[in-house]
Structures are given as C-alpha cells and as structure tokens.
Engineer: 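Sharing a structure here in structure tokens format.
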Amino acid sequence: MKRIKYKADLDAQQLQWFQRQVLDWYRREGRDLPWRKTMDPYHIVVSEILLHQTTVKTVQPIYEKFLDTFPTIQDLAAAPLEAVKYITDPLGYKVRGSWLHQIAQTVVNDYAGQFPQTLEELLALPGVGRYTAGAVLSFAFGNDAPIVDTNVNRFIGRYFGIEYKRTNAEIQHQLWAVAEAIVPTGQAREFNNALMDMGAMVCTARKPYCLVCPVSQSCIQLQDDGVRAAEERVQYRIRERAQGS
DNA sequence: AAACCGGGGAA
DNA sequence: TTCCCAGGTTT
C-alpha cells in the first residue's frame, strides 16, 4: 500500500485486501458491546453521546442504567432534565445530559418520534457532529457512511501515512475522504466497528501491537519507523507477556 | 486555530 | 504526573 492523501491514490486490489484483513480480524477478535446488539437509533445516539471522550469501560454501566431509566425516547423527552443529568453528570462533560434531553424532545415533537435519516438533519441536533451523525447513519440505518473517531483517526492515519496528530483542516479532510473511500459497499456497520476495534485494541495510542496487526505488512507508519523501531515494539510486548499481562 | 469542557483509568 | 479516552461547541 502506497502513502495516500486522496482517494484517487487508492489501489483497488490492495484496498480489497485491506478490507478483507480488517473484517476477518474483527470477526475473530472484535469486542461484543451492548450498543452493538441494537439498531435502534435512540439507543445508538445515547451510546455515542455518552462515549464522547469517555472510555468504553466507564460508559457501559451508565448506558445500561440510562436505558433502564428511560426505555423509550418518549420517556426521555418527558423526563425532568434533573433526572437525566443525575445519571449522566458523573461521566463528566456535563452538557451531554441536556443534549440528550433536547434531542429526545426534538425528535418527539418535530419528527413524530422517528429519528431523521439525513446527515444534514442529524448535524442540526445538539451534540451531534460529523462523527456521531456517521455513527447513527451506519450503525442504526445501515448507510455506507464513514466515521472518524480517535481510533479510526489513528489507525488509518498511521496505515495510510497521514499525519493524523495534526489537527488542521486539510489533514481532517484527508482522513474523512479516506474513511469514506474505504467503506465496503453494504458493510459500513461491521467495517466501521472493525476500524474502531483495530484502533482500540491493536493500533493503540501508545505501544501499538504491530506484532499481531493483520495489516502491518503494508503499514506506512511502520515502514517509516523502520525495522529497529518495529523490533523494539515486538520485544516490548514479549517482555510484557512474560511478566503476565 | 485554539480554548474549553471533565472524570477516570493506565503507564 | 502525564497521557488518553467512540467529540462537539464556542471564542
């Protein structure tokens, strides 16, 4: 795989290989998470907003408690804001409780309880940016919509040789363009989850597990780091394993 | 483009 | 202690 900046740089053959490797790995090693058992857009939105800058482990019990307390979007819309914040505030970023409350009221009052299914309408909801909108479109509605969260940002940034740590507009545009170009037709739900799990479990922020990465052989970042860095990375993980996780 | 919001876990 | 976490909004 060559270093790419635009989707025109993608080689169709190599892209197909990449998609296959990532999907196969996901079917073997992917995480089984509560919000992956549903396609209800209400459940998806709740999970995604709770997951903003918040770890999966921290969110899981809160997610269960939230839906247990507000089983339907009508329940959430009718609840007092304080009851919502009581559950969500302990996570930090305390504005998220009111975001969810407002979203519920908007969907119930303006959309007859049915979530909007267009990018534009979703982006108009409070607390819903490009990532969350893409998550709803792909996870709930099965659209071939891309997502770029911190995991995807890092994984495809490294693999395709994009300077993912820089936050300027051009880099972000490139990452989104690549994320959109690599989604396999009709498989966005599974593939987007796979990309996130790769970022969370293999292509980690610190000390990535290149040793067990299914696409390491064509990773630009690994090539740039060189053989010596790659070897050190492997040795680090071997020592770690010897000490017993 | 940079600041801001935040508690919690891992290194 | 620092770094990082399924981001988005405001300045």
Side-chain angles (χ1 to χ4, degrees), chain A residues 22 26 30-39 41 43-66 85-103 106 119-140 145-158 163-173 175-176 179 183 188-209 232-233 236-237 239-241 243-245:
Chain A
V22 169
Y26 177 65
R31 294 173 293 184
D32 186 22
L33 301 171
W35 42 88
R36 288 181 177 169
K37 297 177 163 85
T38 178
M39 291 178 62
H43 294 194
I44 298 296
V45 165
V46 169
S47 71
E48 295 302 340
I49 288 188
L50 295 184
L51 284 162
H52 287 177
Q53 293 291 288
T54 311
T55 56
V56 164
K57 177 179 289 188
T58 303
V59 167
Q60 261 191 36
I62 305 296
Y63 169 80
E64 308 282 6
K65 182 176 179 183
F66 189 99
K85 289 175 65 64
Y86 178 77
I87 296 178
T88 58
D89 277 3
L91 288 174
Y93 287 111
K94 302 180 182 177
V95 71
R96 290 182 290 181
S98 59
W99 280 349
L100 283 169
H101 195 238
Q102 286 179 246
I103 289 171
T106 299
L119 180 61
E120 184 182 2
E121 289 172 304
L122 287 169
L123 289 176
L125 299 171
V128 177
R130 185 81 192 273
Y131 163 75
T132 305
V136 172
L137 289 174
S138 61
F139 298 146
I147 56 168
V148 178
D149 74 327
T150 186
N151 293 306
V152 179
N153 179 72
R154 182 176 56 246
F155 176 41
I156 69 177
R158 282 172 176 163
E163 296 179 43
Y164 65 95
K165 287 183 180 176
R166 307 245 310 219
T167 58
N168 67 62
E170 187 184 351
I171 298 290
Q172 287 306 306
H173 178 77
L175 285 163
W176 276 98
V183 173
R189 179 187 164 95
E190 200 170 15
F191 188 72
N192 284 342
N193 277 322
L195 289 180
M196 285 197 288
D197 276 8
M198 280 295 299
M201 302 166 68
V202 176
C203 200
T204 49
R206 290 175 289 198
K207 308 282 187 182
Y209 294 76
E232 286 176 4
R233 208 163 286 168
Y236 176 87
R237 290 302 179 186
R239 283 200 303 277
E240 183 183 62
R241 176 172 299 187
Q243 292 171 3
S245 72

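Keep in mind the model is a prediction, meaning the values are calculated, not measured. The analysis underlying the following values was restricted to heavy atoms, covering all of them including side chains, and did not include hydrogens, waters or symmetry mates. To find a chain, count down the sequence lines: A is the first, B the second, and so on, and within it residues start at 1.
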Engineer: Is it the case that atom NZ in A/Lys37 sees more than 12 heavy atoms from other parts of the structure closer than 6.0 Å?
Structural biologist: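 Above 12, so yes.
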
Engineer: Pick the nucleotide of DNA chain C nearest each of A/Arg31 and A/Gly127; which residue has the one closer to the 5' end?
Structural biologist: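 Comparing both residues, the 5'-ward one is A/Arg31.
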
Engineer: Mind listing the N/O atom pairs, protein and nucleotides 2-5 of chain B, below 3.5 Å?
Structural biologist:
from	atom 1	to	atom 2	distance (Å)
B/dC5	N3	A/Tyr93	OH	3.1

Engineer: Quick one: does A/Trp35's side chain get under 4.5 Å of A/Gln60's, heavy atoms only?
Structural biologist: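 The answer is yes; the side chains approach within 4.5 Å.
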
Engineer: Measure from the side-chain N and O atoms of A/Lys85 to the backbone N and O of A/Lys94, and report whether any donor-acceptor pair falls under 3.5 Å.
Structural biologist: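 Yes, A/Lys85 side chain to A/Lys94 backbone: donor-acceptor pair under 3.5 Å.
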
Engineer: Residues two or more places apart in sequence or in another chain: which of them pass side chain to side chain donor-acceptor pair (under 3.5 Å) with A/Thr88?
Structural biologist: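 By the side chain to side chain donor-acceptor pair (under 3.5 Å) rule, A/Thr88 matches no residue at all.
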
Engineer: Give me the residues of residues 51-63 of chain A where at least one heavy atom lies under 4.0 Å from an atom of DNA chain B, by number, or none.
Structural biologist: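 Nucleic-acid contacts, sorted: A/Gln53, A/Thr54, A/Lys57.
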
Engineer: Using only atom types and a distance under 3.5 Å, with no angle test, would you say the side chain of A/Asp197 pairs donor to acceptor with the backbone of A/Gly30?
Structural biologist: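 A pair under 3.5 Å: no.
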
Engineer: A side-chain contact here means heavy atoms from C-beta on lying under 4.5 Å apart; do A/Val148 and A/Arg130 qualify?
Structural biologist: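 Side-chain contact under 4.5 Å: no.
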
Engineer: Hey, does the side chain of A/Arg96 reach the backbone of A/His52 with a donor-acceptor pair shorter than 3.5 angstrom?
Structural biologist: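 Checked: pair present.
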
Engineer: How many Å lie between NZ on A/Lys207 and P on B/dA11, as a whole number?
Structural biologist: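 Checked: the NZ to P distance equals 12 Å.
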
Engineer: A/Arg189 side chain to A/Ser138 main-chain N or O, any donor-acceptor pair under 3.5 Å?
Structural biologist: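 No: the side chain of A/Arg189 does not pair with the backbone of A/Ser138.
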
Engineer: Using atom C1' in both nucleotides, what's the gap between B/dA1 and C/dC5 to the nearest angstrom?
Structural biologist: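 Nearest-Å result for B/dA1 against C/dC5 at atom C1': 23 Å.
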
Engineer: Identify the heavy atoms of A/Gly134 and A/Ala145 that sit nearest to each other, and give their distance.
Structural biologist: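 The answer is O-CB, 4.1 Å.
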
Engineer: If you look at every strand shown and take non-hydrogen atoms under 4.0 Å, does A/Thr132 touch a base, only sugar-phosphate, or nothing?
Structural biologist: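 A/Thr132: backbone/sugar contact only, no base atoms under 4.0 Å.
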
Engineer: Remember a base hit wins even if backbone is also touched, and classify A/Ala169 as base, sugar-phosphate or nothing at under 4.0 Å, heavy atoms.
Structural biologist: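 Result for A/Ala169 = sugar-phosphate.
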
Engineer: Which part of the nucleic acid, if any, lies within reach of A/Ile44 when heavy atoms closer than 4.0 Å are counted: base, sugar-phosphate only, or nothing?
Structural biologist: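 No contact.
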
Engineer: Distance check, P atoms only: C/dA6 and B/dA11, in whole angstrom units.
Structural biologist: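 Comparing P positions in C/dA6 and B/dA11 gives a spacing of 14 Å.
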
Engineer: One pair to check against side chain to side chain contact (heavy atoms under 4.5 Å, CB included): A/Phe139 and A/Asn193. What are the steps and the verdict?
Structural biologist: CA-CA 9 Å; A/Phe139 298 146; A/Asn193 277 322; 3.4 Å; yes

Engineer: Report the residues that fulfil side-chain contact (heavy atoms from CB on, under 4.5 Å) with A/Glu163, sequence neighbours left out, ordered by chain and then residue number.
Structural biologist: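 side-chain contact (heavy atoms from CB on, under 4.5 Å) list for A/Glu163, sorted by chain: A/Arg166, A/Ile171.
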
Engineer: Rounding to the closest angstrom, what is the interatomic distance between B/dG6 and C/dT11 at atom P?
Structural biologist: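 To the nearest whole Å, 15 Å.
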
Engineer: Under 4.0 angstrom, heavy atoms only, what part of the nucleic acid is A/Trp99 near: base, sugar-phosphate, or nothing?
Structural biologist: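 Since only primed, P, OP1 and OP2 atoms lie under 4.0 Å of A/Trp99, the category is sugar-phosphate.
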
Engineer: Checking the side chain of A/Thr58 only, and the main-chain atoms of A/Val56 only, is there a donor and an acceptor separated by less than 3.5 Å?
Structural biologist: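 Such a contact is absent between A/Thr58 side chain and A/Val56 backbone.
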
Engineer: Do A/Leu100 and A/Leu50 have side chains that approach each other closer than 4.5 Å (heavy atoms only, starting at C-beta)?
Structural biologist: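 Yes, side chains in contact.
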
Engineer: For a 4.5 angstrom cut-off between non-hydrogen side-chain atoms, does A/Val202 reach A/Pro208?
Structural biologist: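 They are not in contact (no side-chain heavy atoms under 4.5 Å apart), so the answer is no.
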
Engineer: What's the gap between C/dG8 and B/dG9 when it is taken at their C1' atoms, as a whole Å value?
Structural biologist: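 One C1' to the other, the span is 23 Å.
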
Engineer: Extract, from 5' to 3' on DNA chain C, the first and final nucleotides lying under 4.0 angstrom from some heavy atom of chain A.
Structural biologist: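 Both ends considered, the range comes out as C/dC3 to C/dT9.
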
Engineer: Please list, in numerical order, the residues of residues 195-203 of chain A that have a heavy atom closer than 4.0 Å to any atom of DNA chain C.
Structural biologist: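 Per residue number, the list reads A/Met196.
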
